[in-house]
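For reference, the structure is listed below as structure tokens.
Chain naming here is simple, since letters A, B, ... match the order of the sequence lines and numbering starts at 1 in each. Note that these values count all heavy atoms, side chains included, but never hydrogens, waters or copies made by symmetry.
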Amino acid sequence: MAPELLGKLLIVGAGDRVVSGRIVETEAYTSDDPASHSFRGETPRNRTMFGRPGRLYVYRSYGIHWCANVVTGSAGDGQAVLLRALSIVAGLAIARDRRGDRTFRDLANGPGKLCQALAIDGTHDGTDVTTGGSSIMIVDDGVPFPPDPIVGPRVGLSKAVDVPWRFRSR
DNA sequence: AAAGAGATGGTCT
DNA sequence: GACCATCTCTTTT
């Protein structure tokens with residue numbers, strides 16, 4: 001579920017073009033949820049959601065942005081966790097290059113921004129993030145994460161994105 | 001610092 | 001043809 005992913009590192013790229021960030025905000029989506037892509041059953045687009053867990057489900061949002069989810073349910077469940085915000089750890093210059101000159105926090109404090117900063121797109125759909133060796137993976141580096149993240153039981157973000165992590169943005 | 005509206009295109013009805 | 005799991009820019013406190 002969502003708390004499992006909080007605090008872990010998302011690493012994308014290879015060699016000297018690696019950008020990584022700590023996951024600071026997530027949201028879970030299940031097939032029970034009317035807002036979930038999996039709610040109305042499997043379609044060509046969301047087939048990854050119904051596949052094996054540990055893979056990345058990437059889709060295009062509003063025709064503009066990419067959004068990345070990690071499949072968390074068993075095959076057939078249609079359960080995934082949306083990566084909502086990151087704190088950039090490595091490759092800061094590269095991320096800023098892709099996102100434009102913005103404040104540190106503004107680099108990846110949203111699903112679409114996160115994908116742009118780490119260069120995640122549709123070609124990553126279905127990628128296994130639990131095994132090393134691929135150009136994108138999620139690892140646990142053992143850094144403790146502040147407890148009690150604010151996650152509403154209902155879907156629909158009514159609040160502004162305020163990341164539960166202390167940033168030093170200037 | 002906060003709030004509102006436009007952009008933009010794939011997917012589903 | 002409508003609906004968005006959003007972002008950015010512009011305007012207003």
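- The NE2-P distance, from A:His65 to B:dG6, rounds to 16 Å in whole Å.
- Using a 3.5 Å distance cut-off with no hydrogens or angles, the side chains of A:Thr103 and A:Asp106 do not pair a donor with an acceptor.
- In this structure B:dG6 sits in a base pair with C:dC7, meeting the Watson-Crick or G-U test at under 3.5 Å.
- For the pair A:Tyr57/A:Asp125, a side-chain contact is recorded, criterion being any heavy-atom separation below 4.5 Å from C-beta on.
- The side chain of A:Tyr29 lies closest to C:dA5 when the candidates are B:dC12, C:dC7, C:dA5.
- A heavy-atom distance below 4.5 Å is found between the side chains of A:Val58 and A:Trp66.
- Between the CZ atom of A:Arg99 and the C1' atom of C:dT8 there is a distance of 9 Å, rounded to whole Å.
- Applying the Watson-Crick and G-U wobble criteria (two distances, each under 3.5 Å), B:dC12 pairs with C:dG1.
- Comparing C:dT8, B:dC12, C:dT6 by their closest approach to the side chain of A:Thr43 singles out B:dC12.
- For the pair A:Tyr62 and C:dC7, the ring geometry does not qualify as stacking, because the centroid separation below 5.5 Å and plane angle under 30° are not jointly satisfied.
- For the pair A:Ile88/A:Leu118, a side-chain contact is recorded, criterion being any heavy-atom separation below 4.5 Å from C-beta on.
- Residue A:Phe39 contributes atom CZ, which lies 15 Å from atom P of B:dC12 at whole-angstrom precision.
- Closest approach to the A:Lys113 side chain among B:dC12, C:dA5, C:dC7 is made by C:dC7 (side chain taken as heavy atoms from C-beta onward).
- Taking atom CD1 on A:Ile64 and atom C1' on C:dA5, their separation rounds to 14 Å, with Å as the unit.
- Checked against C:dA5, B:dC12, C:dT8, the side chain of A:Pro44 finds its nearest nucleotide in B:dC12.
- The distance between atom CZ of A:Arg60 and atom C1' of C:dT6, rounded to the nearest whole Å, is 13 Å.
- In this structure, the CE atom of A:Met49 is 13 Å from the P atom of B:dC12, given to the nearest Å.
- The nearest whole Å value for the distance from the OH atom in A:Tyr57 to the P atom in C:dA5 is 10 Å.
- Straight-line distance from the OH atom of A:Tyr59 to the P atom of C:dC4: 12 Å, rounded to whole Å.
- A:Tyr59 has its side chain out of reach of A:Asn46: every pair of non-hydrogen atoms, C-beta onward, lies at least 4.5 Å apart.
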